[in-house]
Chemist: 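Quick one: the structure is below, questions incoming.
Numbering of residues begins at 1 and proceeds along the displayed sequence.
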Amino acid sequence: MIEVNNLSRLFGTFKAVDDISFSIPTGQIVGLLGPNGAGKSTTMRMITGFLKPTGGSIKIDGLDIEKDSVECKRKIGYMPESAPLYSEMIVEDYLKYVAQMQGKDPEEKAQKLCEECGLKEVMHKNISDLSRGYRQRVGLAHALMNDPEILILDEPTSGLDPNQIGDVRALIKEIGKTRTVIISTHILGEVEMICDRVIIISGGKLVADSPTNQLRERYGNAASVYVQAGGCSYEQLSACLSKIDGAASVTEEEGESVADSTSACALVSVKGESEIRPQITRAVIQNGWNLYELAIKRNSLEDIFHILTEEN
């Protein structure tokens with residue numbers, strides 16, 4: 001269990017993190033999102049004990065990160081965005097070296113992490129010769145060395161190719177079955193695929209905290225209907241659609257070219273949960289126009305992220 005209460009961090013007069021609070025139960029994979037400079041990495045560094053908070057508190061399983069620093073850190077594995085590896089070392093030697101530093105059995109831990117992180121093919125290679133994907137795997141193995149209950153990953157798939165991203169995501173998902181995982185990332189699709197919950201920080205403030213599958217309902221419930229009709233101008237189409245009960249607003253949209261030279265496109269915002277597509281269909285047909293396209297559009301995670309961070 002991670003408990004963050006009224007956490008703040010100042011750098012001079014700049015407030016990087018501004019009075020945020022949240023708790024994360026054991027066994028949850030949480031995506032920590034925010035634009036550049038939002039305070040994500042600063043928050044993660046405070047949770048790991050690398051940075052001291054200016055205000056507020058952090059507790060790991062009931063232990064205060066400042067008062068019980070050593071005990072808390074034993075429960076945490078941390079992989080920063082650029083994993084700090086000794087590039088001149090062979091992978092196997094590096095893992096054994098880290099195991100010895102942490103008082104673990106070098107042979108046992110190297111073998112276990114080789115299998116857990118998919119390093120069998122590169123165990124006898126020099127770290128400097130590895131692809132970025134495998135370097136990330138070695139960094140992840142390092143973070144897992146002390147069998148942490150909590151794993152904190154800062155941009156774990158940054159700079160990887162699509163195949164490497166898929167491999168690392170699958171690995172994180174497997175690891176998350178037995179551990180609490182916090183992932184900082186800019187890849188919103190990644191969050192939807194592997195995270196149980198999303199926390200969004202913007203301008204140092206917490207602006208959203210929700211289970212991933214409920215995020216759209218809580219912060220992006222509004223829907224819109226895209227309409228493309230032929231035989232009318234946008235002005236005519238807009239005037240017609242604005243009269244429909246349940247239509248909040250109508251805006252002009254761009255659409256694909258069709259044979260009808262006088263086609264028009266519009267996006268109709270829907271009031272609440274109204275179902276207006278049958279009314280739109282009837283209205284277009286009654287006016288003698290051709291209906292080329294009718295599609296419902298709901299806010300994507302990208303839309304919600306943009307709305308929340310821009311508002312802040």
Chemist: Compare all side-chain heavy atoms of Pro25 with those of Arg197 and state whether any distance is below 4.5 angstrom.
Modeler: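 The answer is yes; the side chains approach within 4.5 Å.
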Chemist: So does Lys59 pair up with Asp68, basic N to acidic O under 4.0 Å?
Modeler: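 Asp68 and Lys59: not salt-bridged.
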Chemist: Let's go through Val225 and Lys297 carefully: what are the C-alpha distance in whole Å and the side-chain angles of both, what is the deciding distance for side-chain contact (heavy atoms from CB on, under 4.5 Å) to 0.1 Å, and is it a yes or a no?
Modeler: CA-CA 6 Å; Val225 178; Lys297 291 189 175 183; over 6 Å; no
Chemist: Give the minimum heavy-atom separation between Lys109 and Ala99, together with the two atoms involved.
Modeler: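 That closest heavy-atom pairing would be CB-CB, 4.1 Å.
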Chemist: Please name all residues satisfying side-chain contact (heavy atoms from CB on, under 4.5 Å) with Ala239, sequence neighbours left out, ordered by chain then number.
Modeler: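 Scan of Ala239 (side-chain contact (heavy atoms from CB on, under 4.5 Å), adjacent residues dropped) gives none.
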Chemist: Between Glu71 and Lys73, does any side-chain N to carboxylate O distance fall below 4.0 Å?
Modeler: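 No, this pair does not count.
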Chemist: Has the side chain of Ser274 got a donor or acceptor atom that lies under 3.5 Å from a matching backbone atom of Lys271?
Modeler: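 The answer is yes, because a donor-acceptor pair under 3.5 Å joins these two groups.
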Chemist: Looking at Ser233, is its backbone amide N or carbonyl O close enough to the side chain of Gln236 to form a donor-acceptor pair, meaning the two atoms are under 3.5 Å apart?
Modeler: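 Yes: the side chain of Gln236 pairs with the backbone of Ser233.
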Chemist: Write down the atom of Thr48, the atom of Ile65, and the distance for their closest heavy-atom approach.
Modeler: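 It is C-CD1, 4.4 Å.
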Chemist: A side-chain contact here means heavy atoms from C-beta on lying under 4.5 Å apart; do Ser23 and Ile2 qualify?
Modeler: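 They are not in contact (no side-chain heavy atoms under 4.5 Å apart), so the answer is no.
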Chemist: What I want to find out is whether Lys75 reaches Asp147 closely enough, with some N-O distance under 4.0 Å, to be called a salt bridge.
Modeler: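 Here Lys75 does not pair with Asp147 in a salt bridge, since their nearest N and O are not under 4.0 Å apart.
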Chemist: With salt bridge (Lys or Arg N to Asp or Glu O under 4.0 Å) as the test, would you mind laying out the steps for Glu115 and Lys120 before giving the verdict?
Modeler: CA-CA 7 Å; Glu115 295 174 4; Lys120 185 176 180 179; over 6 Å; no
Chemist: Say you draw a straight line from CD1 of Ile276 to OG of Ser224; how long is it, rounded to the nearest 0.5 Å?
Modeler: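 Ile276 atom CD1 to Ser224 atom OG measures 8.5 Å (nearest 0.5 Å).
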Chemist: Within a strict 4.5 Å, meaning less than it, do heavy atoms of the Ile60 and Glu3 side chains meet?
Modeler: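 With C-beta onward as the side chain, the pair stays apart.
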Chemist: Please name the pair of heavy atoms, one in Ile194 and one in Lys173, separated by the smallest distance, quoted to 0.1 Å.
Modeler: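 So the two residues come closest at CG2-CD, 4.1 Å.
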Chemist: Which distance, rounded to the nearest 0.5 Å, do you find between the CG of Leu63 and the CZ of Arg74?
Modeler: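 That separation rounds to 11.5 Å.
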Chemist: I'd like to know if the side chain of Glu275 and the backbone of Arg277 have a donor-acceptor N/O pair within less than 3.5 Å.
Modeler: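 Answer holds: yes.
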Chemist: With a 4.5 Å limit on heavy-atom distance, are the side chains of Thr262 and Cys232 in contact?
Modeler: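 Side chain of Thr262 against side chain of Cys232, heavy atoms only: no contact under 4.5 Å found.
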Chemist: Can you name the nearest heavy-atom pair linking Leu119 to Ala141, along with the distance?
Modeler: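 Reported closest heavy-atom pair: CD1-CB, 4.1 Å.
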Chemist: Is there a path from Leu267 to Ile280 through hydrophobic residues (I, L, V, M, F, W, Y) whose side chains come within less than 4.5 Å of each other?
Modeler: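 Leu267 and Ile280: separate clusters.
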Chemist: For Thr180 and Thr26, test the side chains for any donor-to-acceptor distance below 3.5 angstrom and give the result as yes or no.
Modeler: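 Side-chain D/A pair, Thr180 to Thr26: absent.
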Chemist: Is there a chain of hydrophobic side chains (I, L, V, M, F, W, Y, each step under 4.5 Å between heavy atoms) that links Leu153 to Leu171?
Modeler: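 Linked, Leu153 and Leu171 end up in one cluster.
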Chemist: Where is the tightest heavy-atom contact between Cys114 and Met123, given as atom of each residue plus distance?
Modeler: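 Nearest pair, atom of Cys114 first, then Met123: SG-CG, 3.6 Å.
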Chemist: For Lys112, is there an ion pair with Asp105 - N to carboxylate O distance below 4.0 angstrom?
Modeler: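 Looking at Lys112 together with Asp105, the answer is no, because their closest N to O distance does not fall below 4.0 Å.
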Chemist: For a 4.5 angstrom cut-off between non-hydrogen side-chain atoms, does Glu293 reach Val227?
Modeler: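 In short, these two side chains do not touch, never coming nearer than 4.5 Å.
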Chemist: For Thr42, check side-chain contact (heavy atoms from CB on, under 4.5 Å) against everything at least two apart and list the hits.
Modeler: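 Residues passing side-chain contact (heavy atoms from CB on, under 4.5 Å) with Thr42: Arg9, Phe11, Ala16, Val17, Met46, Leu51.
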Chemist: As an exercise, state the distance from CD1 of Ile29 to CD1 of Ile183, rounded to the nearest 0.5 Å.
Modeler: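 Interatomic distance, Ile29 CD1 to Ile183 CD1, rounded to 0.5 Å: 6.0 Å.
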Chemist: Please check if atom CD in Glu121 has more than 12 non-hydrogen atoms from other residues, nucleotides or ligands closer than 6.0 Å.
Modeler: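 Incorrect, the count does not exceed 12.
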Chemist: With side-chain contact (heavy atoms from CB on, under 4.5 Å) as the test, would you mind laying out the steps for Ser21 and Asn6 before giving the verdict?
Modeler: CA-CA 5 Å; Ser21 299; Asn6 306 114; 3.7 Å; yes
Chemist: Closer than 3.5 angstrom, by distance alone: can the side chain of Arg135 be matched with the main-chain N or O of Ile127 as a donor-acceptor pair?
Modeler: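 Side chain of Arg135 to backbone of Ile127: a pair is present.
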Chemist: Measure the CG-CG distance between Leu151 and Leu140 for me, rounded to the nearest 0.5 Å.
Modeler: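 Output value for this atom pair is 6.0 Å.
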Chemist: Mind checking whether Leu7 and Phe22 sit in one hydrophobic cluster, side chains of I, L, V, M, F, W, Y counted as touching below 4.5 Å?
Modeler: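 Same hydrophobic cluster.
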Chemist: Measuring only between side-chain heavy atoms, which start at C-beta, is Leu144 closer than 4.5 Å to Ile175?
Modeler: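 With C-beta onward as the side chain, the pair touches.
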Chemist: Going by the rule ring-ring contact (aromatic ring centres under 6.0 Å, His included), which residues pair with Phe50 if we only count those two or more places apart in sequence or in a different chain?
Modeler: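 Once residues adjacent in sequence are excluded, the partners of Phe50 under the ring-ring contact (aromatic ring centres under 6.0 Å, His included) criterion are Tyr78.
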Chemist: Determine whether a donor-acceptor pair (N or O, by modelled atom type, separation under 3.5 Å) exists between the side chain of Glu92 and the backbone of Val122.
Modeler: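 Here the side-chain-to-backbone pair does not exist.
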Chemist: In terms of relative ring orientation, are Tyr97 and Tyr86 parallel, tilted or perpendicular, with 30° and 60° separating the classes?
Modeler: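 Judged by the thresholds at 30° and 60°, the geometry between Tyr97 and Tyr86 is tilted.
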Chemist: Taking the side chain from Thr54 and the backbone from Leu10, do they hold a donor-acceptor pair closer than 3.5 Å?
Modeler: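 Judged by distance alone, yes, a pair lies under 3.5 Å.
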Chemist: So, do Pro35 and Ser202 sit near enough that their side-chain heavy atoms are less than 4.5 Å apart?
Modeler: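 In contact.
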Chemist: Could you walk me through whether Asp61 and Glu149 pass side-chain contact (heavy atoms from CB on, under 4.5 Å), step by step?
Modeler: CA-CA 10 Å; Asp61 289 340; Glu149 298 170 23; 2.8 Å; yes
Chemist: When clusters are formed by joining ILVMFWY residues with side-chain heavy atoms under 4.5 Å apart, either directly or through shared neighbours, do Ile182 and Met1 land in the same one?
Modeler: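 No.
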Chemist: With a 3.5 Å distance limit and no angle check, can you tell me whether Arg179 reaches the backbone of Ile150 through a side-chain donor-acceptor pair?
Modeler: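 Judged by distance alone, no pair lies under 3.5 Å.
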Chemist: Below 4.0 angstrom, N of the basic side chain to O of the carboxylate: do Lys40 and Asp154 qualify?
Modeler: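 Salt bridge flag = no for Asp154 with Lys40.
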Chemist: Can Ile244 be reached from Tyr234 by stepping across I, L, V, M, F, W or Y side chains whose heavy atoms are under 4.5 Å apart?
Modeler: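 In one cluster with Tyr234: Ile244, yes.
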Chemist: Mind listing the closest non-hydrogen atom pair of Val284 and Ala229 along with its distance?
Modeler: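 Answer, listing the atom of Val284 first, then Ala229: CG1-CB, 4.2 Å.
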Chemist: Has the side chain of Asn287 got a donor or acceptor atom that lies under 3.5 Å from a matching backbone atom of Trp289?
Modeler: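 Such a contact is absent between Asn287 side chain and Trp289 backbone.
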Chemist: Can you tell me how far OG1 of Thr281 sits from CG of Leu294, rounded to the nearest 0.5 angstrom?
Modeler: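 With rounding to 0.5 Å, CG (Leu294) is 5.0 Å from OG1 (Thr281).
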Chemist: Please determine whether side-chain contact (heavy atoms from CB on, under 4.5 Å) holds for the pair Leu130 and Leu85, giving the CA-CA distance in whole Å, both sets of side-chain angles, and the decisive distance to 0.1 Å.
Modeler: CA-CA 11 Å; Leu130 300 183; Leu85 308 174; over 6 Å; no
Chemist: If you measure from CG on Leu308 to CD1 on Ile201, what distance do you get to the nearest 0.5 Å?
Modeler: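 Spacing of CG (Leu308) from CD1 (Ile201) equals 12.5 Å.
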Chemist: Do side-chain atoms of Ser269 reach the backbone of Ala248 as a donor and acceptor pair under 3.5 angstrom?
Modeler: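 Checked: no pair found.
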Chemist: Any non-hydrogen side-chain atom of Glu66 less than 4.5 Å from a side-chain atom of Pro53?
Modeler: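 They are in contact (side-chain heavy atoms under 4.5 Å apart), so the answer is yes.
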Chemist: Thr157 and Glu190: side-chain hydrogen bond (donor to acceptor under 3.5 Å, both in side chains), yes or no, with the steps?
Modeler: CA-CA 9 Å; Thr157 58; Glu190 189 165 82; 2.7 Å; yes
Chemist: State plainly whether the residues Glu107 and Lys96 are in salt-bridge range, i.e. N to O under 4.0 Å.
Modeler: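 Here Glu107 pairs with Lys96 in a salt bridge, since their nearest N and O are under 4.0 Å apart.
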Chemist: When you measure from the side chain of Asp18 to the backbone of Lys205, do you find a donor-acceptor pair of N or O atoms at a distance under 3.5 Å?
Modeler: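 Looks like no, no N/O pair under 3.5 Å.
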